[in-house]
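Worksheet: the structure to be examined is printed underneath.
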Protein chains: 2
Amino acid sequence: MFGRGQTGNTKLVKQLNREGILHQLKEKAPLSRADLAKLTELSRPCVSALVDEMIHEGLIHEVGVGQSRGGRKPILLEYNSQAFGVVGAVFEGSTIQLAIADLKGEVRFQYKTRFTQPLDGEMAIEGVERGLAVLLEQSGFDKSRLLGIGLGLPGITQRRDGTVSYAPSTGWMGLPVQKEIEERLGLPVIIDNDVNLMTLGEFYKGAGVGCSNLVFIYVGTGIGAGIMIDGQSYRGAMEASGEIGYMMIGPIGKRGRGEFGVFENNYSVPAIRKKARLVLPDADESSMSIMKQLIEQAHQGKAGARGLLDDVYRHWAYGIANIASLMDPQLLILSGEMVHIGEEGVQAILRLLSEWIPFVPRIKMASLGDQAGIIGAVHCALEAFPSRLKGK
Amino acid sequence: MFGRGQTGNTKLVKQLNREGILHQLKEKAPLSRADLAKLTELSRPCVSALVDEMIHEGLIHEVGVGQSRGGRKPILLEYNSQAFGVVGAVFEGSTIQLAIADLKGEVRFQYKTRFTQPLDGEMAIEGVERGLAVLLEQSGFDKSRLLGIGLGLPGITQRRDGTVSYAPSTGWMGLPVQKEIEERLGLPVIIDNDVNLMTLGEFYKGAGVGCSNLVFIYVGTGIGAGIMIDGQSYRGAMEASGEIGYMMIGPIGKRGRGEFGVFENNYSVPAIRKKARLVLPDADESSMSIMKQLIEQAHQGKAGARGLLDDVYRHWAYGIANIASLMDPQLLILSGEMVHIGEEGVQAILRLLSEWIPFVPRIKMASLGDQAGIIGAVHCALEAFPSRLKGK
DNA sequence: CAGCCTTTGTTAATTATTTTAACTAATGAA
DNA sequence: TTCATTAGTTAAAATAATTAACAAAGGCTG
């Protein structure tokens, strides 16, 4: 039934049932006690007792009465998502994003700093400290109501010991980020890879809502993926899953051992930009999306742009085909630079896929933009520091 | 704690605890009641009660007393793995393999038929019926003690409805295998893809023992993979995971839509054999392992063989690199034709991998040979039809 | 608008299961 | 022989769910 030989006692049942009730309330509020009894398949007295207990603890609120369905009017209940809060934080290049969210994961207050230089470890940690202070002050949120911090950063993170184990781009390897920040801020911290958190964000609040089995692909400075299996983030044996920048796609060339991956060297944004320079000497070197430029120029009939565009679609499709054939996900979410290829680009990729693989997955664009990471960070904290432990 | 909002009552706790006790006994028998109390973190009276109940039901046996550890001698208990049995069955090309195993998954009786022609659906079903009859007669095993049948077949199987959804090689698409056999034999049936079952076999009894996070790769007539995540078989959204024969590795060429995959077309056994014919005109066309031949000839200094061998290693390594970068498995198990490459071949592949990816997974050869499938089938049945439900 | 049926929610008794504490049994070592 | 130790059991207490009965509140019908 549950596997892994875990045992339990009546306390476990109670916790399970409390969780069951909260779970329903988070998804389908407002609900009456009677509704909850039906949904959880618990008896009405049991639901009443647990609900009353949780109302006492402040986890649930009564929010008025509902319409009668031919009898006594139901007393509607809602999850008191304001009882506690969590912090989400994301480091990215030279910026730090911070947010305070409620227990539903809705971001209430947000803050962003941009530094003039790429963050080093010390700056980053100090940045979070100062950012949180500002956020608490401006919002008037009480720090004692914060359950913890979910923190996203580039590179491979070891969630267990809270360190960064591999990060060629930032040089933070070996940094004990979690411990440092926990000591400085006096709040529990959970760290995770930035792409994993974007995946979590899209899963809970974006294009992946309602889908328990998906792969999220991000193309930016690097290329990475996040995996949700059975509603749970899959991080791999050494927390290094989703490092698809290392897939063997495109020319292999010569490269230092253990540096950047082949796929990334050929089809990340910087790589495409470099190729574009050869094909489009008059290309816009601004921060404008390289894919938008390519598409525009291809529409104008420029053969070089058309050729490169097709090449990029083809190789991205290789990556997707590899992922789909191995994992058979319910849904694939495209993000980062990929969102700029539009419906036309997706169709081009789907056309290629249908030539190669028998089961073509559903493909959607990411819907949260650059908020995905911070929203994911918030949910990461909610997963790691559930409020129910507070009540006895 | 458990997620997914499931609820329960005291019955659930009891079942959980019974499972916990059985789980320990399956792994570490013989154990005393006191040992079990420590291992399961249940109280001694509780363990005693549950154990006595299961002894009554015939699930557990007392097997004498053990050495005293400074006090009263413990009464040793063992899981009564002979209480019931399961059947494993595998269809492969023109052969049917059948086995009866005990509750530990140890194969007790085995049977194999070879037909002169490739199996069609009707032949296969009749073959299982007759084979089981023979097996029951020869072994004297009582059919009423069989919990069910685990059945492996090539192609993509839908475990839910028990049909074959995709099988270009056998033409069994749409066949309601499960229902047919259940009706004919009066035993519950669970079906699964053959490579998934081999994976399960290696996981429970072979190279993957003790590793909860692995990918199994099979190269034979086709190329396929099986995935274990967190001790559970991962089958994907449409039960089509592990179809790595469709990875984009090697020349793409022209091919009918939705036929065989690119990787498979280039680096499966038939594909390699075809290439070998060009390089080695005097090659042995017998059933001898093509990799053994290649390696032998390469050792004799034949450049053509050496070149093809390196090419095969390189492209298999591409596949492995793709899998490892996406999934970060704890262990990779090589099987089928791959087991013939030996330590030397594995080293060659590992050397390539370490050039391309930062985290090279542990690699092992499959250890069960052609028994992997049938052993997996047996465990598949054990997972699907647990005996504990029998007792009340 | 009175009576009745329905839905919501609570109360009290019952049931299932675990735990705690105390006890018996068996054994090796001093 | 005695004592400390480990194994296993018994009886009472504790926890939490369910069942059955009831109270509260509202709509509908004649």
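The chains referred to below are lettered A, B, ... by the order of the sequence lines, with proteins before strands, and numbering in each begins at 1.
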Does B/Q178 use its side chain to pair, donor to acceptor, with the backbone of B/T163 at less than 3.5 Å? no

Bend of the helix from C/dC1-D/dG30 to C/dA30-D/dT1 from end-axis comparison, five pairs per end, nearest 10°, comes to 10°

Can you confirm whether B/T199 sits close enough to B/I227 that some side-chain heavy atom of one is under 4.5 Å from a side-chain heavy atom of the other? no

OP1 or OP2 of D/dT6 sitting under 4.0 Å from any side-chain N/O of B/S32? no

With a 3.5 Å cut-off and no angle check, do the side chains of A/D35 and A/S32 form a donor-acceptor pair? yes

Contact nearer the 5' end of DNA chain D, comparing B/R69 with B/D52: B/R69

Scan side-chain atoms only and decide if A/N213 and B/Y234 contain a donor-acceptor pair under the 3.5 Å cut-off. yes

For the residue pair B/V87 and B/L185, establish whether any side-chain heavy-atom pair is separated by less than 4.5 Å. no

Aromatic ring pairing A/F109/A/F141, orientation class (parallel under 30°, perpendicular over 60°, tilted between): perpendicular

Please tabulate the protein-to-nucleotide N/O contacts below 3.5 Å involving nucleotides 18-21 of chain C, giving atom names and distances.
from   : atom 1 : to    : atom 2 : distance (Å)
C/dT18 : OP1    : B/N17 : ND2    : 3.0
C/dT19 : OP2    : B/S43 : N      : 3.2
C/dT19 : OP2    : B/S43 : OG     : 3.0

Which whole-number value in Å describes the distance from A/R33 CZ to D/dA24 P? 16 Å

Report yes if some heavy atom in the side chain of B/Y204 is under 4.5 Å from a heavy atom in the side chain of B/I375; otherwise report no. no

Give a yes/no answer on whether the side chain of B/S48 brings an N or O atom under 4.0 Å of OP1 or OP2 in D/dT9. yes

Looking at A/E62 and A/R33, is there a salt bridge between them, counting it only when a charged N and a carboxylate O are closer than 4.0 Å? yes

Do B/L200 and B/M228 come close enough that some side-chain heavy atom pair is under 4.5 Å? yes

Do the side chains of A/L12 and A/T7 get nearer than 4.5 Å, heavy atoms only? no

Residue A/K11, side-chain heavy atoms: nucleotide from D/dT15, D/dA7, C/dG9 that is nearest: D/dT15

Listing time: all N or O pairs from protein to nucleotides 24-27 of chain C that are below 3.5 Å?
from   : atom 1 : to    : atom 2 : distance (Å)
C/dA26 : N3     : B/R72 : N      : 3.2
C/dT27 : O4'    : B/G71 : O      : 3.4

